[in-house]
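Just so it is clear: chains get the letters A, B, ... in the order the sequence lines come, proteins before strands, and each one is counted from 1. Predicted model, so just to flag it, every value in this text is computed and none were measured.
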2 protein chains.
Amino acid sequence: MTESSAISWQSIRDEVLRRIRAREWRPGQLIPHEADLATEFGCARTTVNRALREVADSGMIERRRRAGTRVALHPVRRATLEIPVLRVEIERRGQAYGFTLLSRAAELPPPGICARMGSAPDRPLLHLTGLHTADGQPHALEDRWIATDAIPAAAQADFTTISPNEWLVLNVPFEGGDLTFSAHAASEGEARALRCAPGEALFVTERSTFQAGRSLTSVRLVFAPGHRVHTRL
Amino acid sequence: MTESSAISWQSIRDEVLRRIRAREWRPGQLIPHEADLATEFGCARTTVNRALREVADSGMIERRRRAGTRVALHPVRRATLEIPVLRVEIERRGQAYGFTLLSRAAELPPPGICARMGSAPDRPLLHLTGLHTADGQPHALEDRWIATDAIPAAAQADFTTISPNEWLVLNVPFEGGDLTFSAHAASEGEARALRCAPGEALFVTERSTFQAGRSLTSVRLVFAPGHRVHTRL
DNA sequence: AAGTGGTCTAGACCACTCC
DNA sequence: GAGTGGTCTAGACCACTTA
């Protein structure tokens, strides 16, 4: 028909955000129902739903059936971090990637790993350490534990030609995990491997992944000095 | 009709992920069109679209009009970081939050800040420093620059009763920003304020926000030793 | 019990891009 | 020009939650 130019969900999202920032809708306050907004904006409820879902994903509003939609009391900012395989990250910067396996053994895990992986202290895990390099310079030291009963194939994998990092991404699906960032003073061994001074401030990430309730692997990456993780809001 | 139990978009998403992980659809490969999948799964194309949009958001597939949908070559993991106001973060842990304004002055910004904020080196900015505490213990040292020409109200704000962190979240909408994590050895001044040893490894976040192409504020938070940022994958 | 968001459908048109 | 994803509609039913 001549009913041209429908309202876009983006424009509704923007208007909703504007009202929240302009305090027309205040934190904690209930906002109109989807049906009312659909009437107001002259569009289908589906379109309003799409817009509000987007705003809810960003953390600015909270929605519950029957209870309605409220402006969040503490507007939490959400940032999306992209976590590429280390090799890809380095090659994207135009540098040559390298990996050296430093050690490989079945060992009894220390208490910290047991706790994070929910593993029995008397059951050996595959323990790998290795160094990632960029243009020959140390980039990150990897210390990884793998639950070989959950990932039997890992026992046969050749981690000298492909890093455990990449092998796992390619071969082991997981449904979830934890990621932690922290700072850490370089130990003697880390300083040697990363060619920096002992005690120097290093950026550390720790990651654990699980599947079907079983812990798969836990890794600690200690980065060479100056490493930064960047993202956009 | 007796056409009960429609297919859910979640089940389609799961099946798509399964096929990718099972290598039925390999990295770089084109997957069937939405219409074909809709036929296969016996549902509306809208439902397939919803599922694939979700998978695309997670970074596993890439979609382009006319070009179709491909399995991503480098399956980038995406993690969502929640960045609450410091006060809320601390209170959520059941600790008492405190903020002390340490300094406040209009100053010419150093080169680093000029570069990050795109500000002229001869134009003074509002420079604030302060200490966030948890149960009276130092939690983070804040060093902030505010573009007063973009945020005139900041010149009048009382940052002794509310931290700049929180005042800005409440009063200044922004459309985007940068966030960086790094590690840093405590300077003499930082060590004094955070009551730690000079040279100790500290976790640092730096954030800049902008609106309508103008830089609004740039902040550097240096956290007390042991601070960790945690998220789920 | 009833109100609200969540989702599905069938169809349509549009926007983008590759050929 | 044609094919693919992106979005909108109008209507329907369902799921969840609270009164």
So B/Y97 and B/H132, would you call those rings parallel, tilted or perpendicular, with 30° and 60° as cut-offs?
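Geometry flag for B/H132 against B/Y97: tilted rings.
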Look at the rings of A/H139 and A/F223 and say which category their plane angle falls in: under 30° parallel, 30 to 60° tilted, over 60° perpendicular.
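Plane angle over 60°, so perpendicular.
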Indicate yes or no: does B/R13 engage B/E54 in a salt bridge with an N to O separation below 4.0 Å.
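A salt bridge is absent here (no side-chain N lies under 4.0 Å from a carboxylate O).
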Salt-bridge present (B/R50, B/E34; N to O < 4.0 Å)
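No.
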Rounded interatomic separation in angstrom, taking CZ from A/R63 and C1' from D/dA15:
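A/R63 atom CZ is separated from D/dA15 atom C1' by 14 Å.
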Under 4.0 angstrom, heavy atoms only, what part of the nucleic acid is A/Q10 near: base, sugar-phosphate, or nothing?
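Sugar-phosphate only.
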D/dG3 OP1/OP2 closer than 4.0 Å to side-chain N/O of B/R65:
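Checking D/dG3 against B/R65, no side-chain N or O comes under 4.0 Å of OP1 or OP2.
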Identify, between A/V48 and A/A67, the residue whose nearest nucleotide on DNA chain D lies closer to the 5' end.
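Nearest-nucleotide comparison on DNA chain D picks A/V48.
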Using the closest heavy atom to pick a nucleotide of DNA chain D for each, name whichever of B/P32 or B/T46 lands nearer the 5' end.
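Final value for this comparison: B/P32.
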Under 4.0 Å from a heavy atom of chain A: give me the 5'-most and 3'-most nucleotides of DNA chain C that qualify.
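Boundary nucleotides touching chain A, in 5' to 3' order, are C/dA2 to C/dT7.
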Please tell me which of B/R50 and B/R45 maps to the more 5' nucleotide of DNA chain C, matching each residue to the nucleotide holding its nearest heavy atom.
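Looking at the nearest nucleotide for each, B/R50 comes out on the 5' side.
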Counting only heavy atoms not in B/R78, do more than 12 sit closer than 6.0 Å to its CZ atom?
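Result for CZ/B/R78: enclosed.
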I'd like to check B/V85 versus B/E89 (side-chain heavy atoms, cut-off strictly below 4.5 Å). Are they in contact?
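SC-SC contact between B/V85 and B/E89 ruled out.
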